[in-house]
Amino acid sequence: MDDAIFDLYLLEKEILREKTPEMPVFTNFMYEFKPLNYFKWAKETDLVTWDSYPDPREGRPFRHAMHHDLMRSLKDGAPFYLMEQVTSHVNWRDINLTKKPGEMRLWSYSTVARGGDGIMYFQWRQGRAGAEKFHGAMVPHSNNPKSRTYQEVKQLGNELKKLDALVGADVKARVAIIFDWENWWAVELEGKPHNQLSYLNQVYAYYKFFYDNNIAVDFVTPMANLKKYSLVLAPMLYMVKTGYRENLERFVDDGGTLLVTFFSGIADAQDHIHLGGYPAPFRKLLGLTVEEFAPMAMEESNSIVANGQHATVTTWADIITLEGAKSLAHFKENWYAGKPAITTNRFGQGTAIYIGTSLEEDYLHHFLKGVTQQLKIDAPLEAPKGVEVVERVKGNKQFLFLLNHLEEPVNLLLDTAKTYQNGLTKEKVKNEITINKKDVVILVTD
């Protein structure tokens, strides 16, 4: 299906190139859209554009932040455009909550912070009839230019005019997460030991730590050039095609840290098992073999022990035999009690970590905190949870986005060696800054 739709896109692109050669060609990418391999598609677009519709019930839209990072990554960090968002509420959920005052603006700036160079809306004017007549718009049914939603759009548009210097700025990341659409298809194809595995949920679980701790993340294919990264994560990399093993081994051998999770290194491009003991392509790199899988029932859990600390695990257990790796944590219960659950292995100048189960969030974040601290990977600025901090860089100019998702103001201490300018008010800022609730500050330094 991906190939058929892609062929149609290429046919349309060819016509547009002939008729309007001066115009960029692109298409609407979408949220959590499994059927189309966007890394492949992005090679045939002039820029990446996508549609983002967070559900206000989810609170801070970290999943949409992840997709902003993913969209930026599709063309090696090139800025993207937000093709569609709504000013207030959609009409196609079971309950269509309205964005609270300030949320549309705040979430729009999260888009810009993560690489968005353009913000657009669906739709201009709210329709009188049809399936989407209650879908929000820039101009509501009242046609009132003083309406709350129109005033927020007006405010945002006028502010964005002040940020022209930001266009084309990069997000610099030392962390990458491997994201592979065809692997996604393969993991969730029926007939697996556990047929409720979610590739996307595993990616979200690891991404959320970096989001919560304001550490920039790129998404990469397994064959990407990984030299600029200190840490690469490969959640559930079940499908290992030709060249994947060599690329990851090269990264670790050169001094990188690679983290691989359970059910990785199992099958090839045709979904044929790699023989020779799981995970056959990665046995040397990880220093272990997985003798067998022990999927858990939906209501089942286990626990692991690491340095006297206990944590709950669910979903899956790999029965691991060490082949040079060291155990960092072991299972406490069931017939595989005492077997390794988390391992580490030196390979060349670097380190390969393996997590053979699904960790509870608190312990996963604790573990990743230790990894990032050891690698000296941290946020651009220290901030409490609920305050999003993202940096974009253009030449010598730095744009520091401080987005307060909380319901109360926060005061942040700044780098005392720097003098900042507020990108929206043009005021000089030094030492500290107060950000109102549901508000954003953009600090610019040269």
4.5 Å side-chain heavy-atom contact, [X] and [Y]:
{"X": "Val203", "Y": "Asn201", "answer": "no"}
{"X": "Met71", "Y": "Tyr38", "answer": "yes"}
{"X": "Arg346", "Y": "Thr351", "answer": "yes"}

Using a strict threshold of under 4.0 Å (side-chain N to carboxylate O), is an ion pair present between [Y] and [X]?
{"X": "Asp253", "Y": "Arg250", "value": "no"}
{"X": "Lys34", "Y": "Glu188", "value": "yes"}
{"X": "Glu44", "Y": "Lys13", "value": "yes"}
{"X": "Asp55", "Y": "Arg93", "value": "yes"}
{"X": "Lys99", "Y": "Glu152", "value": "no"}
{"X": "Lys75", "Y": "Asp46", "value": "no"}
{"X": "Arg105", "Y": "Asp439", "value": "yes"}
{"X": "Asp212", "Y": "Lys369", "value": "no"}
{"X": "Glu388", "Y": "Arg60", "value": "no"}

As a test of understanding, state which of Gln421, Gln398, Glu391, Lys418 forms a side chain to side chain donor-acceptor pair (under 3.5 Å) with Thr445.
Gln398
May I ask you to check whether [X] and [Y] place their ring centers less than 6.0 Å from one another?
{"X": "Tyr53", "Y": "Tyr31", "value": "no"}
{"X": "Phe80", "Y": "His68", "value": "yes"}
{"X": "Phe122", "Y": "Trp124", "value": "no"}

The single option from Tyr199, Tyr204, Phe39 that satisfies ring pair (Phe, Tyr, Trp, His ring centres under 6.0 Å) with Phe179 is Tyr199
At their closest point, which heavy atom of Arg114 faces which heavy atom of Val171, and how far apart are they?
C-CG2, 4.0 Å
Kindly assign one of parallel, tilted or perpendicular to the pair Phe209 and His365, based on the angle between their ring planes and the thresholds 30° and 60°.
perpendicular
